J.: 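Here's a structure for you.
What you see is a predicted model; the values in this text were computed from it and never measured. In what follows, residues are counted from 1 in the order of the sequence shown. Just so you know, ligand 1 is whichever comes first in the structure, and atom 1 is the first atom listed for that ligand.
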Amino acid sequence: MTIAAPPEQLSDAARSFLQNSHHDLLIGGERTGADDGRTFESLDPATGEPIAVVAQAGMEDVDRAVRAARTAFEDGPWASMSAADRGALIERLAQLVEEHGQELAELESLDNGKPVTYAKVVDVGSSAGHLRYFAGWPTKIEGEVIPVRAPDTLCYTRKEPVGVCGQIVPWNFPLLMACWKVAPALAAGCTVLLKPAEQTPLTAIRLGELALEAGFPEGVLNVLTGDGETGAAIVDHPDVDKIAFTGSTVVGREIGAKAGAALKRVTLELGGKSPNIILPDADLDAAVKGSWLAIYFNSGQACNAGSRLFVPRENFDEVVSALAKQAEGARVGPGLDQQTQLGPLVSAEQRDRVMGYIDSGREQGAELVVGGDAALTDSGGYFVAPTLFSTDSDDLRVAREEIFGPVLVASPYESLEEVAQRANAGDYGLAAGLWTTSLSSAHRMAAMLRAGSVYVNCWGLADPAAPFGGFKASGIGREHGHDGLDAYLESKTVWTAV
Ligand code: NAI
Ligand code: MG
């Protein structure tokens, strides 16, 4: 098995990480290969070349990690640590993520394909911010004294950590999705089995190493690299108390069903087909710029991508041609190139899935305005040109299903009532957006749209304090803020006769 030499422009830190011949699991504070010795390769999506050999955790490894996490949860220094010290450890991890920001951004770009310039700000910057926000929570987790009816009775609640958490994350924002999950779990006092996606394991491995360096006790954060089999072994393990998952709706349904049968706690953050609506009174320049980023940022591989655009019929041609012009001038290239706007898709499988959708759009009669082809095919990478379809129909697969690539489907509409109804008609409800200069239209429509986040004159904003999650088939539960923390806490009611 030959691993490609690290690209020349990488920092020494990223190079030295990649020069390790094997990347091990992290179980109970120890770096270790898989029990059965299995490994897999992670690829550079810009070239299709392998860049790292990574341990593939099996059932034995999952079981060992669950035992380490259970011991850390019940008996270790973590279990008796003060809330202030727990917060300080999370803060230290945030600092280490920041200090290693360049290295982490380069590894993310190389492993996922995304532009390194965005990875630095969005992926790494927001990861540190997320950890830092949750570092403040442990000292603010408070129970209440309840004014019960019974005389001579003290009744109070304690907020206690849920326990051992399996956290399964996807490949589109690998480090950030790991931090979205790990930070609230650690703040609550839980212990964690983190499973990154098989396409992008590198930054989770690095996060585990940084957690050791920060001083987290052994067994608190275990990192199990592997694929869906590893994920399923975590979900199926009887001694895991909670599963948090971000990924496809198909796998989310399966995990939800298993969690239901075992009565495990579960948080699911799934797919989307998010409507982006330009109202007749919108600032069209701002709407075009924002709608462009809403879909093509991260090459469309975002759960909250604004993938379904609705434009008043009288503005339709103008908006579509402005977007097409921007698509034609967009720089598609390797993520490590500082000029790149759209990197490759994460894998050949994902490129083929997206190309399959593009073919179906053509076959089902959508008008292809721009793009529609694989790009930079000589590179060996998984590039797809930014693509724009126009159609009057809401029934085509490209208009209804999540594509998860740089493909926008635009449709004209006549009235606000009609567009609100069409925007709410699909299976998903993760996000929706509006472009308008009217305050009352903004708030009226924001109330009408069935989505977990509504963006008005912006798209995709996120903050660790602001809840994020989906209505309908886009998931169950919320991440971030109080809601996100509560998902890792149990309430215990204590009754005392006094
Ligand atoms: P996926 O849902 O199969 O993978 C996501 C994570 O789940 C990975 O860590 C994977 O190893 C794990 N996993 C897979 N099967 C599992 C199982 N049976 N039990 C437990 N864990 C399992 O998603 P995939 O195949 O990578 O992408 C397929 C589609 O899913 C994309 O085209 C996109 O539409 C959607 N997706 C949505 C994401 C989001 O942010 N909501 C992120 C990634 C994918
Ligand atoms: Mg990779």
Side-chain angles (χ1 to χ4, degrees), residues 3-4 18 23 40-54 56-57 62 107-114 166-174 176-178 180-181 193-205 224-237 240 243-259 266 268-274 298-305 307 335 343-354 356-357 381-382 401-405 407 428 430-431 452 468-470 473-475 479:
I3 294 299
L18 289 169
H23 297 281
F40 64 98
E41 291 175 344
S42 194
L43 309 180
D44 173 359
T47 61
E49 298 285 335
I51 50 172
V53 177
V54 177
Q56 155 93 26
V62 168
L107 291 176
E108 203 74 308
S109 173
L110 197 60
D111 209 9
N112 163 283
K114 64 177 63 207
Q167 305 193 312
I168 300 170
V169 298
W171 42 260
N172 54 341
F173 294 91
L176 184 59
M177 293 303 104
W180 278 22
K181 301 237 173 319
L193 278 68
L194 172 67
K195 197 206 79 69
E198 57 272 35
Q199 297 84 352
T200 54
L202 301 185
T203 48
I205 295 172
L224 298 173
T225 42
D227 58 11
E229 242 180 78
T230 311
I234 294 172
V235 173
D236 293 339
H237 198 292
V240 170
I243 299 293
F245 170 78
T246 298
S248 63
T249 299
V250 175
V251 174
R253 282 186 205 280
E254 182 184 319
I255 291 177
K258 285 178 172 178
V266 67
L268 302 173
E269 202 267 273
L270 310 175
K273 185 76 180 179
S274 298
N298 218 40
S299 298
Q301 301 167 118
C303 51
N304 59 351
S307 50
L345 301 191
V346 74
S347 62
E349 186 188 8
Q350 196 61 21
R351 185 227 15 232
D352 295 347
R353 184 179 287 146
V354 170
Y357 271 111
Y382 315 127
E401 297 179 18
E402 179 173 59
I403 299 176
F404 226 67
V407 182
Y428 293 113
L430 191 61
F468 184 85
S474 291
E479 298 190 285

J.: N/O of L270 under 3.5 Å from N/O of ligand 1, yes or no?
T.: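 For ligand 1, there is an N or O atom that lies under 3.5 Å from one belonging to L270.
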
J.: What protein heavy atom sits nearest atom 30 (O) of ligand 1, and how far off is it?
T.: S248 CB, 3.0 Å

J.: Among all the protein's non-hydrogen atoms, which is closest to atom 39 (C) of ligand 1, and how far away is it?
T.: C303 CB, 3.5 Å

J.: Which heavy-atom pair separates C303 from L270 by the least distance, and what is that distance?
T.: CB-O, 3.8 Å

J.: Just distances here: any N/O of E198 and N/O of ligand 1 closer than 3.5 Å?
T.: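 Yes.
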
J.: Quick one: nearest non-hydrogen protein atom to atom 18 (N) of ligand 1, plus distance?
T.: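 Answer, as residue, atom name and distance: E254 OE2, 3.2 Å.
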
J.: Would you indicate which of F404, W171, Y428 comes nearest to atom 38 (C) of ligand 1 when only heavy atoms are counted?
T.: F404

J.: Hey, is V169 touching ligand 1 through its side chain, its backbone, both or neither, going by heavy atoms under 4.0 Å?
T.: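 Under 4.0 Å from ligand 1, V169 contributes backbone atoms alone.
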
J.: May I ask you to check whether W180 and F468 place their ring centres under 6.0 Å from each other?
T.: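 Under 6.0 Å, so yes.
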
J.: If you stand at the Mg ion (ligand 2) and look out to OD1 of D111 and O of Q199, what angle do those two lines make, to 10°?
T.: 90°

J.: Which angle, to 10 degrees, forms at the Mg ion (ligand 2) with O of L43 on one side and OG of S42 on the other?
T.: 110°

J.: Check contact between E349 and ligand 1, using heavy atoms of the residue and a distance below 4.0 angstrom.
T.: no

J.: Only heavy atoms count here, so choose which of G166, A204, G228 is nearest to atom 22 (C) of ligand 1.
T.: G228

J.: Which of these, R353, Q301, E229, K258, has its nearest heavy atom closest to atom 31 (C) of ligand 1?
T.: R353

J.: Less than 4.0 Å between atom 4 (O) of ligand 1 and some protein heavy atom, yes or no?
T.: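 No, there is no protein heavy atom closer to it than 4.0 Å.
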
J.: Check contact between F245 and ligand 1, using heavy atoms of the residue and a distance below 4.0 angstrom.
T.: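 Heavy atoms of F245 do come under 4.0 Å of ligand 1.
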
J.: Tell me, which protein residue and heavy-atom name are nearest atom 34 (O) of ligand 1, and how many Å apart are they?
T.: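 Result: E402 OE1, 2.7 Å.
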
